[in-house]
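Below is one structure, written out as structure tokens; comments come after it.
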8 protein chains.
Amino acid sequence: MAERTWGVYLSGEIHSDWRERIEAGTREAGLPVDFSAPVTDHAASDDAGTGTLGEESTPFWRDHMGAGVNAIRTQTLIRAADIVVVRFGDKYRQWNAAFDAGFAAALDKPVITLHDTELDHALKEVDRAAEATARTAEQVVDVLRYVIRGELP
Amino acid sequence: MAERTWGVYLSGEIHSDWRERIEAGTREAGLPVDFSAPVTDHAASDDAGTGTLGEESTPFWRDHMGAGVNAIRTQTLIRAADIVVVRFGDKYRQWNAAFDAGFAAALDKPVITLHDTELDHALKEVDRAAEATARTAEQVVDVLRYVIRGELP
Amino acid sequence: MAERTWGVYLSGEIHSDWRERIEAGTREAGLPVDFSAPVTDHAASDDAGTGTLGEESTPFWRDHMGAGVNAIRTQTLIRAADIVVVRFGDKYRQWNAAFDAGFAAALDKPVITLHDTELDHALKEVDRAAEATARTAEQVVDVLRYVIRGELP
Amino acid sequence: MAERTWGVYLSGEIHSDWRERIEAGTREAGLPVDFSAPVTDHAASDDAGTGTLGEESTPFWRDHMGAGVNAIRTQTLIRAADIVVVRFGDKYRQWNAAFDAGFAAALDKPVITLHDTELDHALKEVDRAAEATARTAEQVVDVLRYVIRGELP
Amino acid sequence: MAERTWGVYLSGEIHSDWRERIEAGTREAGLPVDFSAPVTDHAASDDAGTGTLGEESTPFWRDHMGAGVNAIRTQTLIRAADIVVVRFGDKYRQWNAAFDAGFAAALDKPVITLHDTELDHALKEVDRAAEATARTAEQVVDVLRYVIRGELP
Amino acid sequence: MAERTWGVYLSGEIHSDWRERIEAGTREAGLPVDFSAPVTDHAASDDAGTGTLGEESTPFWRDHMGAGVNAIRTQTLIRAADIVVVRFGDKYRQWNAAFDAGFAAALDKPVITLHDTELDHALKEVDRAAEATARTAEQVVDVLRYVIRGELP
Amino acid sequence: MAERTWGVYLSGEIHSDWRERIEAGTREAGLPVDFSAPVTDHAASDDAGTGTLGEESTPFWRDHMGAGVNAIRTQTLIRAADIVVVRFGDKYRQWNAAFDAGFAAALDKPVITLHDTELDHALKEVDRAAEATARTAEQVVDVLRYVIRGELP
Amino acid sequence: MAERTWGVYLSGEIHSDWRERIEAGTREAGLPVDFSAPVTDHAASDDAGTGTLGEESTPFWRDHMGAGVNAIRTQTLIRAADIVVVRFGDKYRQWNAAFDAGFAAALDKPVITLHDTELDHALKEVDRAAEATARTAEQVVDVLRYVIRGELP
């Protein structure tokens, strides 16, 4: 069977190296995956509106402009993805990660959540809407390998 | 013009009286609104799975069962609603509120967010996907009155 | 055959009495139609955001807030309608009328445009996406009577 | 991450060089974008129907035929695009630009509007349905660079 | 079980009494059905455009106007129906009946065709897209009775 | 909050009294539910085609005709339902029950499966696509009571 | 602008050389078009079912089997096409052509009809749902050239 | 006409060589087909959850985890396919095959079933939702050859 390229969107936490670990593991396993993600440079992401469309002094509208520009990227890439991985870390509120999970679920995209067990109760609705809940980036790679190649570790 | 009944789903925080205030204000204004909401009894919501489908000792699966039963209610009511109001309070992580917002946005339901200004930056993606951000339950009633009747306070 | 109630959304010009004439003619003909429309009080419509959600001094954001609140009404009613009538008058730019026409067309709602012949060339794309182009409110009533009852004037 | 090619449809004004400036800026930045647009040769666009399907003497039907042929192009390209940029100039009524914006919004395509501030009030509904409002072609390029590469100017 | 009202659209031939026979049989059986149909007055249907929107001397455009007005009715009623019955008689080309069948099939509406065996080969694609092919109006009533009540004649 | 009526489709096994038990329990609990189901009279269901559309001697086509007529009922009612309950008994292959589950899942209808534990492994894909797996008709009633009223037994 | 390849499905009459003329004209013009079509070998098309799935003596079921196999091809290719051209000749009833037109219209595919003026009145509903009505294969090529390149003959 | 590559998903029985026979026959015929399928290694499929996401001792949840991971693969590939072939063998209950058929049918994918005549009555609803019912893998190849090339054996 010819091997298709899978599109995987990596949503959520931007302050740890989980994306790099998934990408490295996937590359090592030789899996045909095109990854996509939001802009993960926190400062650039915060300036996405004012840095492109011009100054804005009110914090709410400054954020509004930035979130609009970021949404052009994130919603397009989520719609184009086959699978959406959503990572919740232990810092920050990460409401945009949960928003992405709801957005992906409503679009019938399979979701994989990635978080520690201590967040389980708080994330129960999100996990229920997901097809899999992983604890480590390596487990996400294992799921991708199985999904794409049918191989277990 | 005949007056239609509007369906409004009230998602999010379950530990303050914002739903009651919106419902009271709407009733007082005589607006034709059918409200719906998740189960807001925290204990019942946590027991939704084991209380109906039988015991489960592992916390993760106990939550999973409960979230499944709750999702039958919440996703059906969100799909049936015209407008989804999402309230973020100052306690708890409220990822299910953000999940609902993403779910509603992907289904093209107009969203109204309701939260204090101190949460603005953390909620910027959610607010951007909303048609309005209110600070008080009374403002939500004012928006509903305008949307339904065209009247300003 | 039982008579269904038809939902008709009246989009566009708010400075003439075309809506009243269509509604009067429809009532006179005894047609089962529920009309809906944007808020047609120009001042209220302009204040829709600040009048409900609080002050905003920058004109762009003031309009942005107002347009968001108005969109909750207009997009919900257009989605709920069977037929969308779009009126273009001879004053103002009326881009929101053309926007509504495009929105309705993409949702597969039958559109009836209503405007004078002098606007024909400028409106050719909008007219092409419509099922009918009327010149008078009375013609719209005639179309509705035929569509609902099969009767010609 | 592999770089995807983004499809960007450029709708609206055909009497200034804004498309060329966006395309030049995008090329200069090395961004992977496939642009599409309506036929921008005004005379050809007006003759699209009679020039292909045969003569028609009544102006209304002549426009109708032309708009039908143009719609085959524009609606196909808008459906195929990731992002729709809509430009409003200071001349003409440009109702087809607003129609395209409504059409794109209903199809959940992210919209970027491009116009001067003096049109803000008249375009408030269209701008509200957009993810970003730019004032110059260069700002649109900046948005595209950020959306695609995550880089700010 | 509460009895729902079923919506049944009767498309096709307008020169025989098949609609009346289905309606009479359904009424006699006491089935909860709301029937809908195109305008079956041939002359009125042909004048639907010029009779409502004004004169037009070119036959093609005269038909075009009429077909547009008729489409407002037919496409709305087909979208609102649960079941679409399509009747092919032995006269006329009845391309609009086949068009309706294709339209209904693409919208996932169950289709019942009604025609004599001598048309079988010519209608094989249409019959294949249907859930049932009946030969008499009485058989259509029998199908409706079974579908609604589970009762066989 | 006004109480909506919930539509629940009961798919699957027709040789035990599980439907009656769910309906009785729901009635006893005073829940606002409209139940729907396939025709559960086995003989009538097998004769659905030949009993309405005329004789057919080849068993395959006889079944084909019957399944078409049954599909008009089942697919319409599943599309109209809020919730789909799918029961697997211990006899027969019940492929149509599994087909209904897949059909409902693809339409984003919440599914509740109902079967004994000994079928768990064979039904794992179906159960995974469901929001809840119940073991008794009474548990289904408990889920409905919770989903509709928020009350636990 | 990069040139996209357009998918054009050629539905309808199989007893004249209109497809070859459109393909030749398109090739001559150097247009990037991938054409698709039903199987145009009449005998093969009639045997599509029995020639692949085994014998069947009853004409109705023989046609039914054939139409099912043909539908796998035609419905897949219509869904995959950008534009659907539907040709009506002067022989045969060609109900499958009208069916395809309805199917394509409901899927929001732009339709171009191709037929002589003497069929205008009988085809008025189909023509109304089309974006263009051509009289010759050469006109279809002209439309495609304009749609793809913006060039008039 | 340029030859497109067809995507064919092979669902169902994993204990016979029907997939290999279809693939071999297709290759031999030189047909441009990309096949996809669930993971057909029974042991790996059963361990899909625990083998990637960690241990789980309760059989129900072990299956639940596995089915979730398998669903990421199967539902993505079914959505991406043009045609879904569903094979029912004479062993096991194969409810997932029937589930896939229902899932594919609701997504408007053409389905081809493949099974012996002795299963006909039990599979009548599934066969009715299919475009073709084949008895041998070779017949499936014949259908694919006809669908893609228009050639009969």
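Numbers restart at 1 for each chain; the letters A, B, ... are given by sequence-line order, proteins then strands. No hydrogens, no waters, no symmetry mates; every other heavy atom, side chains included, goes into these values.
To the nearest 0.5 Å, the span separating CG on C:Asp127 from CG on D:Asp63 amounts to 8.5 Å. Within the model, atoms CG of D:Asp120 and OG1 of C:Thr58 stand 11.0 Å from one another, a figure rounded to the nearest 0.5 Å. For the atom pair C:Gln75 CD and D:Glu125 CD, the distance stands at 10.5 Å (nearest 0.5 Å).
Heavy-atom pairs under 4.5 Å with chain D were tallied for C:Leu123, C:Asp100, C:Thr74, C:Ile78; the largest tally goes to C:Leu123. In terms of heavy-atom pairs under 4.5 Å with chain C, the best-connected choice from D:Pro59, D:Ala97, D:Ala129, D:Gly102 is D:Gly102.
Within the 4.5 angstrom heavy-atom criterion, no atom of C:Thr117 approaches chain D. With a 4.5 angstrom heavy-atom cutoff, C:Asn70 does not touch chain D via any of its atoms. Neither the backbone nor the side chain of C:Ala71 comes within contact range of chain D; no heavy atoms are under 4.5 Å apart.
When all heavy atoms are compared, the tightest approach of C:Phe99 to D:Ala105 is CZ-CB, 3.9 Å.
Ring geometry for C:Phe88 against D:Trp95 counts as tilted: the plane angle lies between 30° and 60°, on a 0 to 90° scale.
For C:Glu20, the CD atom sits in a packed shell: over 12 heavy atoms of surrounding residues, nucleotides or ligands are nearer than 6.0 Å.
Taking 4.0 Å as the cut-off between side-chain N and carboxylate O, D:Asp46 and C:Lys124 count as a salt-bridged pair.
Judged by the 6.0 Å distance and 45° axis criteria, C:Arg128 is not positioned over the aromatic ring of D:Phe60.
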If you apply the rule side chain to side chain contact (heavy atoms under 4.5 Å, CB included), what do you find for D:Leu119 with C:Arg93, and how did you get there? CA-CA 10 Å; D:Leu119 301 182; C:Arg93 293 173 187 263; 3.9 Å; yes
